[in-house]
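One structure below.
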Amino acid sequence: MIKTRGYAAHSGDQPLQPFQFERRALGAGDVQIDILYCGVCHSDLHTARNDWGNTLFPSVPGHEIVGRVAAVGDQVDGFKVGDMVGVGCMVDSCQHCPSCAEGLEQFCDNGFTSTYNGSSLGGAENTYGGYSDTIVVRQEFVLHIRHTDNLAAVAPLLCAGITTYSPLRHWSVGPGQKVGVVGLGGLGHMGVKLARAMGAHVVLITTSPNKRDDALRLGAHEVIISTDAKQMLGAMNSLDFILNTVAAPHDLNALLSLLKRDGTMTLVGAPAEPHPSPEVFRLIFKRRKLAGSLIGGIAETQEMLDFCAEHNIVSDIEMIPIQDINEAYERMLKGDVRYRFVIDMGSLDSN
Ligand code: NAP
Ligand code: ZN
């Protein structure tokens, strides 16, 4: 077993605090990684606070992991000691169901194993995530990092990047299309950068007027303030596709009205409480579609990392020591993140 230091929540109403635990010993097909950086996803907060009512405590969140390979098992052929690698939201899946066979492990018929809050892999506990100094992962779920000059800013690609890349690709976003991205947070700012790099005309839709300049700098061609009824009215029936990243329940009708005939709005935000049901008439009169999307498969995650390396895309980050994680969550709840917190895991040494 491998002694590991991290931070954990012990219940939904307590702050995260230092926590020591053990990782499984390195298996033949495993990669052991010294974690350098871990991004802070809103899903970490939802889980630590038990928003979704399914948290296994103690909970060590973190699924935007970047680090250096420290050891490899005898049968590992894709990685060697010293490689820079990433781990995202999944650490295992059955590998034989039709979804896994298609490279869609996130839809594994037998349920994929989450990097945290998943069922344990041979141990008595649940899986523990990246707010820690070491992780052991089977090689099929380890990603190669090719743009290593700004590693901390690469970390958020492992969830925020793939969760926005996958639906943009699935719904064939590209040149000639007008694409709306709703919410300028961790996911939203990656959605803007990626949709722009794919050649679309990008419209950022936000509740925060003070994010307008940042949105334009990040790659949006236009910004709509969703609380301004006049601006929303002016953009009716104008968008081919909308990627909705908002982390809280909100009115979907006003956003659906922005879609052209046959347009699709895909939800990736996963609020604790449901959205008010959208009006059927908003959908049927223009044959609009409301859809959802979950992270992305492993092969597509590698494709996204390579796409980002090629297009020089990383996340805009604010680096924090692990000791500031509880304050970071409070700021995230206020939408006060520009645009992803990343934990410098070296800060665990200061405990
Ligand atoms: P985030 O950084 O906190 O960003 C969420 C954004 O939503 C905010 O910046 C804000 O943008 C907007 N927003 C509007 N009203 C809000 C409210 N009342 N409370 C909170 N946000 C509000 O979060 P994130 O890490 O991007 O994650 C967004 C959501 O996606 C979360 O629910 C997360 O669990 C989920 N998620 C889903 C997947 C998936 O696979 N489907 C993967 C990862 C995360 P403006 O200020 O611009 O309005
Ligand atoms: Zn996430």
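Start at 1 and go down the list; that is how both ligands and their atoms are numbered. Counting from 1, the numbers follow the sequence of the chain as shown. Bear in mind the structure is a predicted one, so any value in this text is a computation, not a measurement.
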*ligand 1 versus C159, non-hydrogen atoms closer than 4.0 Å: side chain, backbone, both, neither?*
side chain
*asked:* Which of the numbered atoms in ligand 1 are under 4.0 angstrom from any heavy atom belonging to G183?
replied: 11 (O), 47 (O)
*Could you name all protein N, O or S atoms found under 2.8 Å from the Zn ion (ligand 2)?*
C41 SG, H63 NE2, C159 SG
*asked:* Under 4.5 Å between side-chain heavy atoms, counting indirect links through other Ile/Leu/Val/Met/Phe/Trp/Tyr residues: same cluster for L187 and L204 or not?
replied: no
*List every atom of ligand 1 that sits less than 4.0 Å from any heavy atom of K211, numbering the atoms from 1 in the order shown and giving each element.*
9 (O), 11 (O), 45 (P), 46 (O), 47 (O)
*asked:* I want to know whether Y329 and F341 have ring centres closer than 6.0 Å.
replied: no
_Check this for me: R146, atom CZ, are more than 12 non-hydrogen atoms of other residues, nucleotides or ligands nearer than 6.0 Å?_
yes
*Aromatic ring pairing H46/H42, orientation class (parallel under 30°, perpendicular over 60°, tilted between)*: tilted
*Taking only heavy atoms of R340 into account, list the atoms of ligand 1 that are under 4.0 Å away from them.*
24 (P), 25 (O)
*Provide the number and element of each atom of ligand 1 under 4.0 Å from a heavy atom of V268.*
30 (O), 35 (C), 36 (N), 37 (C), 38 (C), 39 (C), 41 (N)
*Look at the aromatic rings of H221 and H201 and report parallel, tilted or perpendicular, splitting at 30° and 60°.*
parallel
*Of the backbone atoms (N, CA, C, O) and the side-chain heavy atoms from C-beta on, which set of W52 has a member under 4.0 Å from an atom of ligand 1: side chain, backbone, both, or neither?*
side chain
*Of the options V137, V76, I2, I135, which is the one that meets Q32 in a side-chain contact (heavy atoms from CB on, under 4.5 Å)?*
I2
*asked:* Just verifying a value: how many Å separate M304 CE and S166 OG, rounded to the nearest 0.5 Å?
replied: 10.0 Å
_Can you tell me which portion of T207 lies within the under-4.0 Å heavy-atom range of ligand 1? Options are side chain, backbone, both, or neither._
both
_Within 6.0 angstrom of N54 CG, more than 12 heavy atoms from elsewhere_ = yes
